[in-house]
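Below, read A as the first sequence line, B as the second, and so on, with proteins coming before strands; counting in each chain starts at 1.
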Amino acid sequence: MSEKSYDFPENCRYTDSDEWVRLEDGLALMGITDYAQSELSDVVYVEQPEVGAQLEAGQNFGVVESVKAVGDLVAPLAGEVVRINTELEDSPELVNEEPYGRGWLIALQPEDEEAVESLMTAEEYLRHVEARSGA
Amino acid sequence: MSGELQRTPLHARHREAGARMMPFAGFEMPVSYSSIVAEHRAVRASAGIFDVSHMGEIRLRGAAADELAQRLFSNDVSKMEPRRVRYGLLCLPDGGVVDDVTLYRVSDSELFFCVNASNIAGDLAWMREVRDESGLDCELIDESSGTALLAVQGPAARAIVASLRPADVDAPRRWRFVAGEVADVEVQLSRTGISGEDGYEIYAPAERAAELWDRLIEAGAGRLAPAGLGARDTLRTEMGFPLYGHELDRRTTPLEAGLERFLALDREFVGREALAAQAESGPDRRLVGLLMEGRAVAREGYPIHTSAGTGRVTSGTFGPSIKRSIALGYVPAEESASGTRVEVEVRGRRVAGQVTGIPFYRRKS
């Protein structure tokens with residue numbers, strides 16, 4: 001329906017629940033995709049896990065709330081939460097403004113870095129989004 | 001599903017503007033054009049223009065139009081002069097709310113109701129039933145599909161609309177309306193709205209709606225933003241105004257909803273007896289405003305735990321102007337006083353909140 005174009009950087013991997021993951025210095029940084037932030041619009045609150053929490057792949061670990069909706073956050077990889085983006089407490093709109101930058105959510109110490117390879121590439125995710133929005 | 005949805009006369013304009021569309025009350029309506037928060041802020045700071053053509057208009061015409069309006073409408077009609085607008089309820093005999101509406105008096109023998117889109121058919125059926133039972137001589141005319149409704153709301157609304165009106169004609173004052181021209185289109189110009197800001201609701205023939213929309217956008221360049229139902233909802237929630245289907249329905253009375261000031265209980269209307277009795281004894285539950293701790297949103301349907309029992313959230317959002325998580329909901333009457341501490345169950349977790357007076361937001365000046 002809409003003819004929006006989204007930004008899906010090549011250096012990230014993607015999940016079918018609209019998270020992105022990027023490996024940086026052995027940590028897996030993650031957030032929600034440009035498509036997800038656009039669908040939610042107006043993010044007003046991010047419920048994050050505690051630092052030190054152990055996440056299983058596929059586990060719900062928090063929510064992103066916008067004015068109109070609530071989106072579940074699903075862990076793309078297993079690992080330990082080593083950092084959370086505390087800037088989002090006061091400025092949750094960063095998730096809309098810079099979904100791959102200052103709007104990142106958490107950093108995981110992954111149990112298995114290789115598991116990232118099983119996630120979708122930018123091109124695969126773009127097709128997934130197009131198929132879902134019925135384009 | 002979308003094949004069944006009705007469209008307003010401005011549908012193409014919304015599409016061209018890149019609006020996100022959504023089904024609402026049987027219509028395909030714009031939720032937002034840029035972002036709900038940006039549109040909300042535009043209305044508070046300058047002005048926004050809303051297409052609310054889904055709303056219904058039902059005209060009463062005939063010798064007994066006034067008498068029928070008196071029977072149907074909870075607020076006082078007898079003291080209403082021509083060109084006045086009043087808010088009130090249509091109630092069932094047991095006091096339940098059929099709809100919340102605004103009533104416009106054209107003359108002694110002609111009035112019209114502006115009603116919620118989801119209730120047009122139900123209201124018409126109810127009005128016919130009351131008319132036929134009482135044998136009153138009054139035509140009921142559904143003008144909804146031929147009438148467009150544009151709301152221009154915000155501190156700059158007056159200047160924008162004035163620039164499209166003949167210079168020697170004064171704008172109507174608050175809660176009044178005039179028949180006249182805006183941008184060469186014959187309209188009913190009403191100084192009303194639910195944003196909590198100054199502004200107008202403009203009734204126009206459907207076939208001239210796009211032209212009127214274009215001229216308003218042009219006249220408001222730089223200070224008027226198209227705004228969708230998303231911002232309309234955050235604006236009315238900050239004002240604590242009820243929305244039918246959320247705070248109001250046929251099993252809820254105006255007293256429970258805190259709307260007693262719109263009940264003229266000293267004169268006859270359908271539901272008066274039941275409401276007078278409830279006013280005497282006091283309702284068991286009341287609608288309250290809740291200011292929540294933190295930023296999590298207390299959404300519709302979430303339980304509200306109080307020391308006297310459990311209530312339910314009817315609307316909740318993050319108020320873009322007051323920058324707090326706010327909600328409306330029903331709680332046991334004994335726990336409805338301002339300052340009462342409650343807990344809202346948000347996804348299995350209890351979040352503290354406090355009963356607070358509404359509106360949440362008051363405009364400066």
Side-chain angles (χ1 to χ4, degrees), chain A residues 1-7 17-18 32-50 53 59-75 84-99 103 105 129-130 132-135, chain B residues 1-2 5 11 14-24 28-41 227-238 292-302 315-327 346-349 351:
Chain A
M1 289 216 320
S2 79
E3 280 142 43
K4 288 201 175 79
S5 69
Y6 301 105
D7 178 25
S17 49
D18 306 307
I32 67 168
T33 68
D34 188 29
Y35 170 76
Q37 72 75 20
S38 167
E39 285 294 298
L40 281 168
S41 124
D42 302 304
V43 171
V44 294
Y45 174 63
V46 183
E47 189 180 291
Q48 288 167 310
E50 305 275 331
Q59 182 184 339
N60 279 16
F61 69 86
V63 300
V64 176
E65 282 204 64
S66 72
V67 169
K68 66 177 187 200
V70 184
D72 284 322
L73 293 169
V74 181
I84 62 170
N85 183 357
T86 53
E87 211 180 351
L88 300 180
E89 282 171 29
D90 292 324
S91 305
E93 65 277 5
L94 288 170
V95 174
N96 294 119
E97 291 164 5
E98 299 180 40
L105 301 176
V129 167
E130 283 172 349
R132 195 168 32 171
S133 57
Chain B
M1 183 176 75
S2 60
L5 291 176
H11 188 268
H14 306 321
R15 278 302 177 83
E16 285 160 22
R20 186 185 296 271
M21 307 294 286
M22 220 179 223
F24 181 85
E28 190 182 357
M29 297 298 292
V31 177
S32 70
Y33 301 81
S34 55
S35 95
I36 293 172
V37 171
E39 291 161 28
H40 176 112
R41 292 201 176 123
L229 293 188
R232 185 172 155 87
D233 195 52
T234 54
L235 289 159
R236 74 93 195 167
T237 305
E238 280 191 337
M292 303 301 299
E293 275 176 23
R295 297 182 67 110
V297 178
R299 295 187 186 269
E300 182 174 7
Y302 288 4
S315 295
T317 192
F318 191 84
S321 298
I322 65 160
K323 297 187 172 62
R324 290 286 301 267
S325 167
I326 55 175
V346 177
R347 296 179 293 276
R349 190 164 58 91
V351 177

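- Note that the NE2 atom of B:His40 and the CD atom of B:Glu238 stand 3.5 Å from one another [nearest 0.5 Å].
- In this structure, no portion of A:Val46 lies under 4.5 Å from any heavy atom of chain B.
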Quick one: do A:Glu65 and B:Arg295 satisfy salt bridge (Lys or Arg N to Asp or Glu O under 4.0 Å)? Show the steps, please. CA-CA 9 Å; A:Glu65 282 204 64; B:Arg295 297 182 67 110; over 6 Å; no

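- We find the CE-CG distance between B:Met22 and B:Leu5 to be 12.0 Å, quoted to the nearest 0.5 Å.
- Around the CD atom of A:Glu50, the shell of radius 6.0 Å holds no more than 12 heavy atoms that belong to other residues, nucleotides or ligands.
- At a 4.5 Å heavy-atom cutoff, the contact between B:Thr234 and chain A is made by side-chain atoms alone.
- Evaluation of the side-chain contact (heavy atoms from CB on, under 4.5 Å) rule for A:Ala75 yields A:Leu55, A:Phe61 as partners, not counting sequence neighbours.
- Between A:Glu39 and B:Arg20, at least one side-chain N (NZ, or NE/NH1/NH2) sits under 4.0 Å from a carboxylate O, which counts as a salt bridge.
- Defined by atom type and a distance below 3.5 Å, a donor-acceptor pair is missing between the side-chain atoms of A:Asp42 and A:Ser66.
- Contacts of residues 87-94 of chain A with chain B at a heavy-atom distance below 4.5 Å involve A:Glu89, A:Asp90, A:Pro92, listed in sequence order.
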